[in-house]
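Structure, as structure tokens:
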Protein chains: 2
Amino acid sequence: MGLVSRDRDFTAVGRALATPARSVFLNLLLDGTRRPAGELARAAGVRASTASEHLSVLVDAGLVTCEAHGRHRYYALAGPHVATALEALGTLAAPAPVVGYRLSRHAQHLARARFCYDHLAGHLGIALADAWVGRGWLAGREVLVLTDSGADGLQATGFDVDDAVAARRPTTRACLDWTERRPHLAGALGAAVGRRFLEAGWVVRHRSGRGLDLTEAGTAMLREAWGVTLAEPASDDAPATPARVASRA
Amino acid sequence: MGLVSRDRDFTAVGRALATPARSVFLNLLLDGTRRPAGELARAAGVRASTASEHLSVLVDAGLVTCEAHGRHRYYALAGPHVATALEALGTLAAPAPVVGYRLSRHAQHLARARFCYDHLAGHLGIALADAWVGRGWLAGREVLVLTDSGADGLQATGFDVDDAVAARRPTTRACLDWTERRPHLAGALGAAVGRRFLEAGWVVRHRSGRGLDLTEAGTAMLREAWGVTLAEPASDDAPATPARVASRA
DNA sequence: GGGACGTTTCGGCAGACGCCGAACCGTGCC
DNA sequence: GGCACGGTTCGGCGTCTGCCGAAACGTCCC
């Protein structure tokens with residue numbers, strides 16, 4: 001101890017991020033999914049061989065892990081710390097160039113609800129954070145610290161708060177969305193919430209895409225439990241207030 | 001709004017970090033100082049011409065700003081957001097390779113007290129955070145949220161809390177040291193504290209180096225105000241408890 | 001076993017990039 | 001004005017690396 005240099009060598013991480021294909025890969029994996037090499041290759045517009053080389057660079061840099069499954073190899077982010085760091089870097093990075101694509105519809109969907117590695121994000125994530133700050137369950141405005149009443153309330157609603165508190169990761173963490181400017185809940189508790197939403201069937205992963213669909217059950221649950229209503233996806237733009245919260249302390 | 005891609009292009013930032021020389025530059029600037037091109041060149045072990053090219057890359061990437069002063073050009077980090085992002089990336093990056101140097105002495109000095117862009121870090125920063133958490137001035141263990149009593153207490157001690165709260169930046173932010181594993185106070189309030197420590201002469205920048213020296217006045221002030229004592233720099237290693245806090249609630 | 005398929009490895013090519021020395025520019029000083 | 005000095009620009013050199021197609025490997029399925 002004390003013998004290690006205090007400075008960090010950004011070279012390796014930098015190299016890993018420094019090419020368009022790898023940047024695309026990371027963006028795709030940033031929602032916490034595992035994806036086979038071929039799918040990543042197609043998404044980035046490069047040959048399988050090229051993608052393979054890129055992926056091994058990411059693995060060597062420790063950003064991504066590889067898990068063999070049958071004749072597929074699934075790649076995923078190496079852990080929450082990678083997601084956290086990339087998310088912080090996103091502050092500096094420019095929005096990715098918009099490829100032709102039917103982006104608009106896609107983007108709207110993502111804006112509404114998605115996973116940010118292991119926790120809920122998009123309008124849904126923000127609405128939850130707002131609601132819980134409103135009831136005094138989370139404190140610190142931009143920082144989202146769990147209060148005692150919050151621990152009780154969330155536990156009562158069926159979230160595994162004890163586990164989250166005991167975890168090695170920070171219990172709560174505020175994750176600032178790049179496009180919206182409001183924080184949503186990350187950290188061990190954020191992950192627990194996300195897990196529960198999936199297990200309970202309140203949200204389901206959109207088939208063949210990133211992004212989540214809020215189910216009937218989920219919609220009802222949000223309204224009844226916390227008076228949260230998300231703007232309908234069918235409606236046009238709803239930029240100013242993406243979600244409305246009834247109970248505001 | 002809504003039209004921008006949700007993904008980020010990490011390519012540019014990645015490229016900017018991807019070379020040893022630029023990594024050294026950023027590490028040097030990470031303490032918030034501005035330094036002339038020549039000094040940076042010497043530190044990185046490259047010719048002035050090479051350094052100049054590197055620096056223009058960093059400027060183009062928006063990580064660094066350049067300010068002409070006489071026949072010198074001073075380079076500095078482009079803002080707190082850059083420091084924050086790099087600090088987050090440090091989680092992923094390996095410790096920088098140790099160059100020959102008389103590193104040990106140097107590193108010890110840095111470990112004791114230094115600036116982390118605009119706020120106090122090192123054992124000093126950690127000791128302050130510990131002390132203030134102990135008195136209930138900061139809440140949230142790993143997160144460091146300012147409490148009401150904390151606002152009163154710090155204001156009474158002469159820190160400009162009102163300004164910090166009014167600032168556009170988050171009032172408090174926990175900055176996790178890479179080598180130590182404990183957080184210290186960053187954000188607008190952290191910057192206000194750092195500023196005051198310099199102005200009051202409690203710390204002075206170490207000549208020709210990074211790192212801070214705690215003055216007699218600073219030592220006395222720490223002890224009297226919060227019962228904080230930093231281990232003497234003359235002593236050998238003091239790894240386990242870098243600082244001791246008297247009053248623990 | 002044979003064939004389809006997902007993936008990796010290999011060789012090769014072209015472009016990008018880091019480095020340097022030399023030349024150039026602007027400022028400060030005598 | 002003349003010179004020293006900090007800094008940038010330019011041309012050139014060698015290396016690295018991103019890309020591809022072809023070939024090899026392993027798995028699944030008939």
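As the structure is a computational prediction, the values presented were derived from the model and not from experiment. Lettering follows sequence order; numbering is per chain, from 1.
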| B:Thr50 side chain N/O closer than 4.0 Å to the phosphate oxygens (OP1, OP2) of C:dC19? |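 Checking B:Thr50 against C:dC19: no side-chain N or O falls below 4.0 Å of OP1 or OP2.
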| field | Distance (rounded to the nearest 0.5 Å) between A:Leu40 CG and A:Leu26 CG | value |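 The CG atom of A:Leu26 is 9.5 Å from CG of A:Leu40, to the nearest 0.5 Å.
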NA contact type, [X], heavy-atom cut-off 4.0 Å: base, sugar-phosphate, or nothing?
X: A:Arg22; result: sugar-phosphate
X: B:Tyr75; result: sugar-phosphate
X: A:Ser49; result: base
X: A:Ala37; result: sugar-phosphate

Rounded to whole angstroms, how far apart are [atom1] on [X] and [atom2] on [N]?
X: A:Leu55; N: C:dG6; atom1: CG; atom2: C1'; answer: 13 Å
X: A:Arg35; N: C:dG6; atom1: CZ; atom2: C1'; answer: 17 Å
X: A:Phe25; N: C:dT7; atom1: CZ; atom2: C1'; answer: 13 Å
X: A:Leu40; N: C:dT7; atom1: CG; atom2: P; answer: 9 Å
X: A:Tyr74; N: C:dT8; atom1: OH; atom2: C1'; answer: 17 Å
X: B:Arg47; N: C:dA23; atom1: CZ; atom2: P; answer: 16 Å
X: B:Arg73; N: C:dG28; atom1: CZ; atom2: P; answer: 13 Å

| Angle class for the B:His184/B:His119 ring planes (parallel below 30°, perpendicular above 60°, tilted otherwise)? |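 Plane angle between 30° and 60°, so tilted.
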| request: Return the 5'-most residue of the pair A:Arg71, A:Ala51 with respect to DNA chain C, ranking by each residue's nearest nucleotide. | output: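 Nearest-nucleotide comparison on DNA chain C picks A:Arg71.
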| Nucleotide interval of DNA chain D bounded by contacts with chain A (heavy-atom cut-off, under 4.0 Å) |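 On DNA chain D, the outermost contacted nucleotides are D:dT17 to D:dC28.
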| said: Taking side chain to side chain donor-acceptor pair (under 3.5 Å) as the definition, give me every residue that meets it alongside B:Glu87, ordered by chain and number, with sequence neighbours left out. | reply: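 Listed in chain order: B:Arg173.
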| Can you tell me if B:His123 and B:Arg112 form a side-chain donor-acceptor pair at under 3.5 Å? |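 No, because no side-chain N or O of B:His123 sits under 3.5 Å from a partner of the opposite role on B:Arg112.
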| said: With a 4.0 Å cut-off on N to O distance, would you call B:Arg73 and B:Glu67 a salt bridge? | reply: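 So B:Arg73 does not pair with B:Glu67 through a salt bridge.
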| said: Using modelled atom types and a 3.5 Å cut-off, is there a donor and acceptor pairing between side-chain atoms of B:Ser23 and backbone atoms of A:Phe10? | reply: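 Checked: pair present.
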| After noting the C-alpha distance and the side-chain angles of A:Val13 and B:Leu89, does the key distance pass the side chain to side chain contact (heavy atoms under 4.5 Å, CB included) rule? | CA-CA 8 Å; A:Val13 194; B:Leu89 243 202; 3.7 Å; yes
| message | Between B:His72 and B:Ser56, which residue's closest nucleotide on DNA chain D lies nearer the 5′ terminus? | response |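 On the 5' side of the pair lies B:His72.
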